[in-house]
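Working notes, structure below.
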Amino acid sequence: MKWSEMASVNATQQHLNFSSSWEEDSSDNSFDEWTHKSVPLRSPCRTPRIQRHRNRSITVSPSVPTSPIPYAAWKKLRLCDSPSTPKSLLSKSTMPCSSSKTCRSQRFLRLSTAFERVPSVNINPFTPDTVRRNSEHYKRKSQRSDDDEDYGPRSKEIQNSSEDESFFLPSKRPAVSARMLSRYESEFLELACIGVGEFGSVYRCVKRLDGCMYAIKRSRRPIAGSANEQLALKEVYAHAVLGHHPHVVRYYSAWAEDDHMIIQNEYCDGGSLHDAITEKREQGEFFSVPELRDLLLQVSMGLKYIHNSGLVHLDIKPSNIFICRRSTLSAGGEGDSEEEDESHSSGVVYKIGDLGHVTSISSPQVEEGDSRFLAYEVLREDYTHLPKADIFALGLTVLLAAGASPLPQNGDDWHRLRQGELPNLPHELPALFKDLLKSLLDPDPTARPSATALCRHDVLCKERAGKLATQLRKELNVEKFRTAMLERELKEARLAATSPQQSCQPGSLPKAKRKLVGRNVARSVSFGFPGY
Ligand SMILES: Nc1ncnc2c1ncn2[C@@H]1O[C@H](COP(=O)(O)OP(=O)(O)OP(=O)(O)O)[C@@H](O)[C@H]1O
Ligand SMILES: [Mg+2]
């Protein structure tokens, strides 16, 4: 959102109910001062001045909190200098956590270390991990009780039963409301800081009550009365409206605490696409063509859902696409979608996250996203084809995964990418796929394919058809195997019928015990086959 627009919105903006002290407080007029002073002058041929996303989304270890200087803070810093302006926030944000004042994340981490010794979180019996552990435990237990029946004293079983019960029953419920802790502290056990962005920091947490993992995003600065309040609300509004889709990060809850916004989202265990690209790049690797197609298709599905809901994301980029590995889905699992099953065969699910820039297609309030991924028409404030700006950003995202060099933030190279020139890639892409990517970057937004068209595009669906063929081949092999087994059984049954003595041979069942179906055919025993 432009600062000038924000000033008008400010009059009607909905404030979060943080604390009464803030609501009545008119002393923080830095925002008004700032909005009036910062109406941008536009040149006819603009090139983005935005540096905002440099160094963003760095995954840090909890012991080394990094605080990239947010663009907004820089901008504010240039314009006003009161103690309550971002200068103080900036110095706070850049202040090393080792200073005498304990920083919040450290405080939480200390708290969590204390909890680690006595984990006061419940174990959710329905998560795949727990189910597996439970069944192993049951197996062990039944073996043990067999042994006990034969050889061991009964007291041993009695002694173990309380241990077993405590294993299956949720551990004692933590006294959620007994202590006057913040909701965050009382409901969640913080495990690690998994990301730092412009808006805030993201922590991996276990919810004490349900024992599931969540990503908790906490705004970096106090947000009441600031532009960030609208941004924070935007993210929450968007999540709430969007509901569930397998390719959009799932939202669970949001609340304000200590003048900070806290958003509880699904935890994606594979990190961000940005992390995955960086990791591969460091090893001199890039996404393969099938992986690129899969990425493009899955994110298109998420975008199709967002666009069909009347919204646009406006900040599509690798650090806002998260990865889930199917086997370890944390909470909630997947939503319902006709496309759901087809996209999972790679074992990786891509999800669109960070909805902080989402706006509606019909009455857009545009807060430009990362300039590196910004479509030219959005820079020109032409908002008539906003969904195509997401498509443009998706094209650049896929090109980065294909090994393109880091994207320019402005300048000639920036303009060249907006004139339909593809960046250089370390490996040649198949012509059809390359053409498709080129169409995503078309300078004319109307020439770019829609998300719906991408979901049906031949180049991407062939991949899906390929997966389907592989799946069908597997199923065919299973059926062949089954038929062969049945034929063998049939032969045996015929043989048994013609020469009754043979049925008593070692290895074959006594005739009386065999269950015959149909025309004296032994019922096939059910047998396992991996994966079926
Ligand atoms: N649900 C999640 N699961 C796993 N990791 C996450 C999740 N949400 C965020 N992260 C990590 O935290 C980083 C920052 O998150 P997010 O993009 O939501 O915050 P932000 O402050 O809006 O960032 P930015 O302004 O840089 O886009 C992500 O790039 C990712 O590495
Ligand atoms: Mg982000």
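For ligands, and for the atoms within them, numbers begin at 1 and follow the listed sequence.
No hydrogens or angles considered: nothing links the side chains of Gln365 and Thr359 as a donor-acceptor pair under 3.5 Å. With no hydrogens or angles considered, no side-chain donor-acceptor pair links Ser288 and Arg293 at under 3.5 Å. Judged purely by distance below 3.5 Å, without hydrogens or angles, the side chains of Ser439 and Asp442 never pair a donor atom with an acceptor atom. Checked by atom type, the side-chain pair Tyr184/Glu190 shows a donor-acceptor distance below 3.5 Å.
Among the atoms of Asp315, no N, O or S atom is found under 2.8 Å from the Mg ion (ligand 2).
One option in Asp354, Ile216, Leu355 has a heavy atom closer to atom 27 (O) of ligand 1 than any other, and that option is Asp354.
Side-chain N or O atoms of Asn265 include none that pairs as donor or acceptor with a backbone N or O of Lys217 at under 3.5 Å.
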**Study point:** Evaluation steps, ring-ring contact (aromatic ring centres under 6.0 Å, His included), between Tyr376 and His415
**Key:** CA-CA 8 Å; Tyr376 190 53; His415 280 284; 5.8 Å; yes

Practice item. Evaluate the ring-ring contact (aromatic ring centres under 6.0 Å, His included) criterion for residues Tyr350 and His247: first the C-alpha distance (whole Å), next the side-chain angles of each, then the deciding distance (0.1 Å), finally the verdict. Key: CA-CA 6 Å; Tyr350 297 101; His247 300 293; 8.3 Å; no

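Between Lys217 and ligand 1, at least one pair of N/O atoms sits closer than 3.5 Å. Residue-to-ligand polar distances keep Asn265 apart from ligand 1: every N/O pair is separated by 3.5 Å or more. Note: no N/O pair closer than 3.5 Å links Tyr267 and ligand 1 by distance alone.
A salt bridge links Glu291 with Lys280: the distance from a Lys NZ or Arg NE/NH1/NH2 to an Asp or Glu carboxylate oxygen falls below 4.0 Å.
Phe433 meets the ring pair (Phe, Tyr, Trp, His ring centres under 6.0 Å) test with no other residue; sequence neighbours excluded.
Counting heavy atoms closer than 4.0 Å to ligand 1, residue Phe199 contributes atoms from both its backbone and its side chain. Contact annotation for Asp269 and ligand 1: no heavy atom of the residue comes within less than 4.0 Å of the ligand. Contacts between Val202 and ligand 1, counted as non-hydrogen atom pairs separated by less than 4.0 Å, involve the side chain only. Contact annotation for His274 and ligand 1: no heavy atom of the residue comes within less than 4.0 Å of the ligand. By the criterion of a heavy-atom distance under 4.0 Å, both the backbone and the side chain of Cys268 are placed next to ligand 1.
Of all heavy-atom pairs between Ile316 and Thr397, the closest is CG2-OG1, 4.0 Å.
Residue Asn320 has at least one heavy-atom neighbour below 4.0 Å for each of these atoms of ligand 1: 17 (O), 27 (O). For ligand 1, the atoms sitting less than 4.0 Å from at least one non-hydrogen atom of Ile194 are 4 (C), 5 (N), 6 (C), 11 (C), 31 (O), numbered in the order shown with element in parentheses. Each of the following atoms of ligand 1 lies closer than 4.0 Å to a heavy atom of Glu198: 21 (O), 23 (O), 24 (P), 25 (O), 26 (O). Of all the atoms in ligand 1, the ones that sit under 4.0 Å from a non-hydrogen atom of Ser319 are 28 (C), 29 (O). Within ligand 1, the atoms closer than 4.0 Å to a non-hydrogen atom of Gly200 are 21 (O), numbered from 1 in the order shown.
Relative to the six-membered ring of Trp414, Arg372 misses at least one condition, a distance below 6.0 Å or an angle of at most 45° to the axis.
Draw a line from the Mg ion (ligand 2) to OD1 of Asn320 and another to OD2 of Asp354, and the angle between them is 90° (to 10°).
Residue contacts with ligand 1 do not include Gly271, since none of its heavy atoms lies under 4.0 Å from the ligand.
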